[in-house]
Structure formats: structure tokens, C-alpha cells
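A short worksheet on the structure shown next.
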Amino acid sequence: MSEQPEDILRNLFQRAVEVADPMKSLAAFLPKKPDGRVTVIGAGKASARMAEAVEAEWGPCSGLVITRYGYGRPCNGIEIVEAAHPVPDEAGLIATRRMLELLHGLDEDDFVLALISGGASALLTSPAGDISLSEKQQVNQSLLSSGAPIGQMNTVRKHLSAVKGGQLAAAAYPAKMLALLLSDVPGDDPAEIGSGPTVGDDSSSADAAAILDRWQIDVPSSVKTVLSEATGVLPPGHDRLAGVTNTIFAAPSQSLEAAKDLAEGLGCDVEILGDALEGEAREVAHAQAKLALDRQRQRTGSGRPLLLLSGGELTVTRNGNGVGGPNAEFALALALALKGASGIHAIACDTDGVDGAAEVAGAVIGPDTLAKAAALGVSASGALADNDAHSFFEKIADQVVTGPTLTNVNDFRAIWVGA
């Protein structure tokens, strides 16, 4: 095997991204373009690429899709609006209102194609009740810094929104709707992808309030008022969702399997630890470091490297003031836990090219990571304590920077355990 472990790990990540590209994966799930009026809507970091894929099959279409700044794609009919992520902004608010207007007045002979990917939670912005945009931003930022699992964050988001939890689909009733979903959530639950704008949910306002209490998130009075009243979230099976079909066309498991196939073709053994891992990034890193060291001891003399692959969505409880994200924090904590162990390398990246709020996909580590940092006077433990993993890897030149990947199946982690 002539390639270096770091090069192989980067290639595995690139392969994971490639197979989740909507231009390669969406067409097989797209029906023949219906007769009559067709409206295409969507939101998420991959939604503009999805719209591009739709027009490649159907030709120019009418509609509106909201994506992250820098993630727009050229479309002939579908309007692409860029807005902020992960904290919503005015552009997303205005675009969401316009999207709802497009859906107003449709009838049973009309057809709506909804394109939803991760990121839709922030990009589809229409606060419930009297919640202002600034108040919604405050709550969203607090959730992101709390360490709460994505499922619990989405429960809160749904009940503070006028479009999530099936409400976007309900706005199109009685038109028929096909929602094509690109999964970035552990377990591939359609109700969790983008906070489920086309999927009913049986949680309650009281559940959302309990989550805010559990994670000690202070909220303004407008939020308390909304959560004390009847929710707009629709339960599964609601009449206004009867004409909706939700279909996942790409998911983390497919990307991990593609990486596995590539690695095995290069002569590696592969162990997939799961595509739905959750938890605090540094804690998962400690567990995987122990596993890697155990596997290395068990495989002494095997002659073949082992790759430990995993996906899912890790979280970071923010206690410091640095610049980081769950993948970079995982990589930094992993390096510290491995203590320069010989023969072990790793990569941890977000497949959308953005780890946390930084324009960085993630990082790579190797046996020399801590030594390189020490030679430059950079403290690995200090960076971890300050949640400053991106700055750490920037200083030692081990960041993975891809730019917009135009897809999103969440975290990709690979640990190379040398023979």
C-alpha cells in the first residue's frame, strides 16, 4: 500500500461526500413530472443542489428553495435564496414567508415537490406567536451551545415555529406533496430531518418546555407564552398531511458503506461502529481511542490495517470561548487520549463542509499531532478546555477545508489502526 494513511483517510471522506451528492443520488427517486401546476420548494444546505438535480431531470420548474450562504446553485426556474445557518437571519425569515405565499391557494390538482436536507431548521424561519427573530436567534444559539442532542433541539424548534413539525406541508393542503429528504440525523427519522417541516410529530409544547428547563436555557416571555398555548405542530396522521409522501433518498449509512468498499479495495479490514452515534464529542473520542488501542493490541502481526468508521451527530457543551465544532473537538480529544500512539491516524469531518459555525469540514490527526503542537508552543489540552479545536488545527496545518460540498449526511469519522 503506497499511499500514506492521511491521504487514504482524506480520500475516504471524499468518497463519502461523493455518493451523497444529490446530482448522483436524487434522480432515481424522482417520478415523471406531473401534469398540471408543479411547485418546487425546499430548504437545507443541500437543497439548492437538489433543485439543480430536479431541473436536470424535469427541466425548468417554478418554485423557491432556501440554502446556506455560499451554497447556491444555478437553476433555470427555481429561485435560490441564500440565508444564514446555523443561526437564522432576516433573509431566511423573508424567504420563508414568500414560500408560504407560494403554497397558499393550491388545490387538489396541484403538486408540490419539497426538497429537505439538514440545515432546514435554521433556514426555514417563521417564529410562532409573537416570538421575534432576535428572540428566535437567542434561543437557537443557546441550544447550539448547550450540548443538547439534536433530537431534543429539534423538538424545541418545532414548537417555536410556524413551519416545522408538518406545518409547511399543511400549508400546501389539499395539494399532493412528495418530500425528498437527505438525512443528516441519527436513525434517519424523517421527523428529525430539518425539524420535519413535512412530517407530523406527537411531541407537545410541554415536552419542549421541559427540554429548555433540563438544559437550563433562559428564554424570553414570548417563548414561554407560545409554549403555554396549543401547539401548531401537527400529529402524525393529521388530515392535512394525508396527501404527503416522505422519502429519504440518501443517508449516512450509504456513505459509510461506500467508504468501506473503497477501504477494503485498498487492502484494509473495516469495522463500522454505527451511522447514528450521538454524545459529547470528547467523550466519544475517549471511547474510540480506547477501542483503537485495544484493536491494535489484538491484531498484532495481522499484516493488514484496520479502519474504524462511524457517523452520526456529536455535540459540544460550550464552556470556553474558542472556535470549534464537534468534529474538530472529537479529533483533538482523540489525539490527547491516544498520546501519540504509533500507527494510529484519524479524520473527523462534517460532510457538508462546515463543522459547527466554522467554514472548515474538520481535521486529521496522527501519531505526531501532539509533538507538532508542542514544537510550535501550542497547548492541545488548553485548546480543548477552551473549545478551540479549529484554531489548534489551523496552527498545526491539519485542518480539512473543502468549501461547500452541496450535500449533508452529517459526521464522518475514520480511525486508521496500523498493523
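Just so we're clear, the structure is a prediction, and the values are computed from it rather than from any experiment.
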Show every donor-acceptor pair shorter than 3.5 Å between a side-chain atom in residues 209-219 and any protein atom, with sequence neighbours excluded, or say none if there are none.
from   : atom 1 : to     : atom 2 : distance (Å)
Trp215 : NE1    : Gln152 : OE1    : 2.8

Nearest-0.5 Å distance, CG of residue Leu133 to CG of residue Leu93 | 5.5 Å
Residues Thr407 and Thr405: side-chain donor-acceptor under 3.5 angstrom | no
Is a side-chain donor or acceptor of Asp202 paired with a backbone partner of Pro236 at a separation under 3.5 angstrom?
-> no
Return yes if a side-chain donor-acceptor contact under 3.5 Å exists between Gln167 and Ser161, otherwise no.
-> no
Rounded to the nearest 0.5 Å, what separation is found between the CG atom of Leu102 and the OG1 atom of Thr39?
-> 6.5 Å
Enumerate, atom names and distances included, each donor-acceptor pair closer than 3.5 Å involving a side-chain atom of residues 118-130, sequence neighbours excluded.
from   : atom 1 : to     : atom 2 : distance (Å)
Ser121 : OG     : Ser195 : N      : 3.4
Ser121 : OG     : Ser195 : OG     : 2.6
Thr125 : OG1    : Ala122 : O      : 2.6

For residues 379-408, which residue pairs qualify under salt bridge (charged side-chain N to carboxylate O under 4.0 Å, His left out), counting only residues two or more places apart or in two chains?
-> Lys372-Asp398
Of all pairs that satisfy salt bridge (charged side-chain N to carboxylate O under 4.0 Å, His left out), the ones with a partner from residues 235-261, not counting sequence neighbours | Lys260-Glu264
Can you check whether Ser205's main-chain N or O pairs, donor with acceptor, with Thr231's side chain at less than 3.5 Å?
-> no
Can you list every salt bridge (charged side-chain N to carboxylate O under 4.0 Å, His left out) pair that touches residues 288-301, not counting sequence neighbours?
-> Asp269-Arg299, Glu271-Arg295, Lys290-Asp294, Asp294-Arg297
Indicate whether the side chain of Tyr69 and that of Asp89 have a donor and an acceptor atom separated by less than 3.5 Å.
-> yes
Quick check: does any side chain N or O of Glu192 sit under 3.5 Å from a backbone N or O of Asn154, one acting as donor and the other as acceptor?
-> no
Do Glu52 side-chain atoms and Pro22 backbone N/O form a donor-acceptor pair below 3.5 Å?
-> no
Counting distance only, does the side-chain N/O of Glu55 pair as donor-acceptor with the main-chain N or O of Asn76 below 3.5 Å?
-> yes
So, the side chain of Ser47 versus the backbone of Ile66: is there a donor-acceptor pair under 3.5 Å, distance only?
-> yes
Can you list the residues that meet the side-chain hydrogen bond (donor to acceptor under 3.5 Å, both in side chains) rule with Lys158, with sequence neighbours excluded?
-> Asp201
So, does Thr198 use its side chain to make a donor-acceptor pair with the main chain of Gly166 at under 3.5 Å?
-> no
Side chain to side chain contact (heavy atoms under 4.5 Å, CB included) partners for Ala414, two or more places apart | Leu9, Leu307, Leu309, Ile347, Phe412
For the side chain of Ser145 and the backbone of Ser142, is there at least one donor-acceptor N/O pair under 3.5 Å apart?
-> no
Side-chain donor-acceptor contacts of residues 322-335 below 3.5 Å, not counting sequence neighbours, with atom names and distances?
from   : atom 1 : to     : atom 2 : distance (Å)
Asn327 : OD1    : Cys349 : N      : 3.4
Asn327 : ND2    : Asp355 : OD1    : 3.1
Asn327 : ND2    : Asp411 : OD1    : 3.0
Glu329 : OE1    : Asn387 : ND2    : 3.1
Glu329 : OE2    : Arg282 : NE     : 3.1
Glu329 : OE2    : Arg282 : NH2    : 2.9

Does Thr402 have any side-chain hydrogen bond (donor to acceptor under 3.5 Å, both in side chains) partners at least two apart in sequence or in another chain, and if so, which?
-> none
Is there a donor-acceptor pair under 3.5 Å between the side chain of Glu313 and the backbone N or O of Val185?
-> no
Could you tell me which residues satisfy side-chain hydrogen bond (donor to acceptor under 3.5 Å, both in side chains) with Glu359, sequence neighbours excluded, listed by chain and number?
-> Arg68
Could you list the residues that satisfy side-chain hydrogen bond (donor to acceptor under 3.5 Å, both in side chains) with Ser253, not counting sequence neighbours?
-> none
Is a salt bridge present between Arg98 and Glu101, judged by a nitrogen-to-oxygen distance below 4.0 Å?
-> no
Got Leu178 and Pro31 here, is their nearest side-chain heavy-atom distance under 4.5 Å?
-> yes
Rounding to 0.5 Å, atoms CG (Leu406) and CZ (Arg73) come to a distance of 5.5 Å
Partner set under salt bridge (charged side-chain N to carboxylate O under 4.0 Å, His left out) for Lys45, not counting sequence neighbours | Asp352
